[in-house]
Participant: 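Next up is a structure, given as structure tokens.
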Amino acid sequence: MFTVAKGKMRVLGIESSCDESAVAVVDDAAGLLAHRLYSQVDLHRLYGGVVPELAARDHVRRLLPLVRETLAAAGSRPAELGGVAFTAGPGLVGALLTGAALAQALAWGWGLPVIGVHHLEGHLLAPLLEDPAPEFPHLALLVSGGHTMLIDARGIGQYRLLGETRDDAAGEAFDKTAKLLGLPYPGGPELARLASHGHPGRFRFPRPMLDRPGLEFSFSGLKTAVMLAVKGQELTPALKADVACAVQDAIVDTLCAKALRGLEATGYATLVVAGGVGANRSLRARLTAAAEERGARVYYPRPEFCTDNAAMIALAGLHRLRAGERSPRALRVRARWNIAELAPPGATGAP
Ligand code: KG4
Ligand code: ZN
């Protein structure tokens, strides 16, 4: 089995699950050495969403030059690497395959072990790149474009799902309501920007599932509520800003209330926030204040590591490779992959 002593492993990570091509090098002694990202957002804007085939083709164009650039920025030669990590799922199959193929080819050529990483584990571990890093066990609020989950994280690879969304994810709610308001793609960050100019109180949208016990979410009703609120009205900049403000408030309120409920249910005093919506300033401010009031502490990745990146993939891969775990030399990716299926590092192969 492949083992490297602590302080001796450096991993190249590749992320290509959706519309960001990203590469990073993480070293277990020196931390993050370099990371590079190419966002395909301009490519997909024309279509108002990610076109899977175009995403895959663009990853093929972008990834290898990014690898060269990142290794140079890290001052690292391939011979200094201990392994290659790539996102093996969940995600768009074609896009995932481009990263998997490149990772396998590089690992084969360089004589290195390779590991397929769960994209959401990457998100969950991203706060560990910061100082101070959160300790386990903790409660994790994972809020991305495809997922809204509260997770009891007892250790790396030990994730128990406490609650998730029944329909749209929080990021999806941001994106879809932004589309209704005619905001440019990608809608989430645009809506958040606009919300800061809005007047709170002009609109109030439902806080779904808050009236019921439990840790489940539901955001699909927001679209209808927004549609009804703006029906027959001219979408002036002021109206859009007021609606954006109310949408953000409804989503943030719901996420805060459920996260606090999760802390109460687990008895944990540490909350970790991960995923693209974790970059939202209002969410960060409100969660931090609410948790502090209850004697809990919230940990976030830096905003650029809330959204998709390769630093989190390299880090998750490092933990697993260091424990002797490796993936077979085969092209295997998974469009769907339940995070609760993961085991602690070293326990089994992945994916
Ligand atoms: O984690 P991520 O980059 O990709 C997935 O794995 O899904 O999350 C992307 C999601 C999108 O829905 C995007 O609109 C949302 O995160 N997002 C935001 C912000 N930045 C990204 N939502 C609200 N406020 C933001 N500042
Ligand atoms: Zn993601």
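All ligand and atom numbering here is 1-based and tracks the order in the structure.
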Participant: Is any side-chain heavy atom of T270 closer than 4.5 Å to a side-chain heavy atom of E135?
Facilitator: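 The answer is no, as the side chains (C-beta and beyond) never meet within the 4.5 Å cut-off.
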Participant: Under 3.5 Å, is there a donor-acceptor pair linking the side chains of S327 and R332?
Facilitator: no
Participant: Can a donor-acceptor pair be found between the side chains of D168 and S220 at a distance below 3.5 Å?
Facilitator: no
Participant: Would you say CZ of R45 has more than 12 non-hydrogen atoms from neighbouring residues, nucleotides or ligands within 6.0 angstrom?
Facilitator: yes
Participant: Is there a path of hydrophobic side-chain contacts, each under 4.5 Å between heavy atoms, that joins L161 and L215?
Facilitator: no
Participant: Going through the distances and angles, do H35 and F305 end up as a ring-ring contact (aromatic ring centres under 6.0 Å, His included)?
Facilitator: CA-CA 10 Å; H35 66 101; F305 290 165; 4.8 Å; yes
Participant: Taking only Lys NZ, Arg NE, NH1 and NH2, and the carboxylate oxygens of Asp or Glu, determine whether R193 and E190 approach each other closer than 4.0 Å.
Facilitator: yes
Participant: Hey, which protein N/O/S atoms does the Zn ion (ligand 2) have under 2.8 Å?
Facilitator: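 For the Zn ion (ligand 2), the protein N, O and S atoms that sit under 2.8 Å away are H119 NE2, H123 NE2, D308 OD1.
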Participant: How are the rings of H119 and H123 set to each other: parallel, tilted or perpendicular (split at 30° and 60°)?
Facilitator: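 The arrangement is perpendicular - the two ring planes meet at more than 60°.
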Participant: Would you please test V273 and V143 for side chain to side chain contact (heavy atoms under 4.5 Å, CB included) and show each step?
Facilitator: CA-CA 8 Å; V273 181; V143 273; 4.3 Å; yes
Participant: List, ordered by chain and residue number, the protein residues whose closest non-hydrogen atom lies under 4.0 Å from any atom of ligand 1.
Facilitator: H119, H123, S144, G145, G146, G171, F174, D175, G188, P189, A192, G275, G276, V277, A279, N280, C306, T307, D308
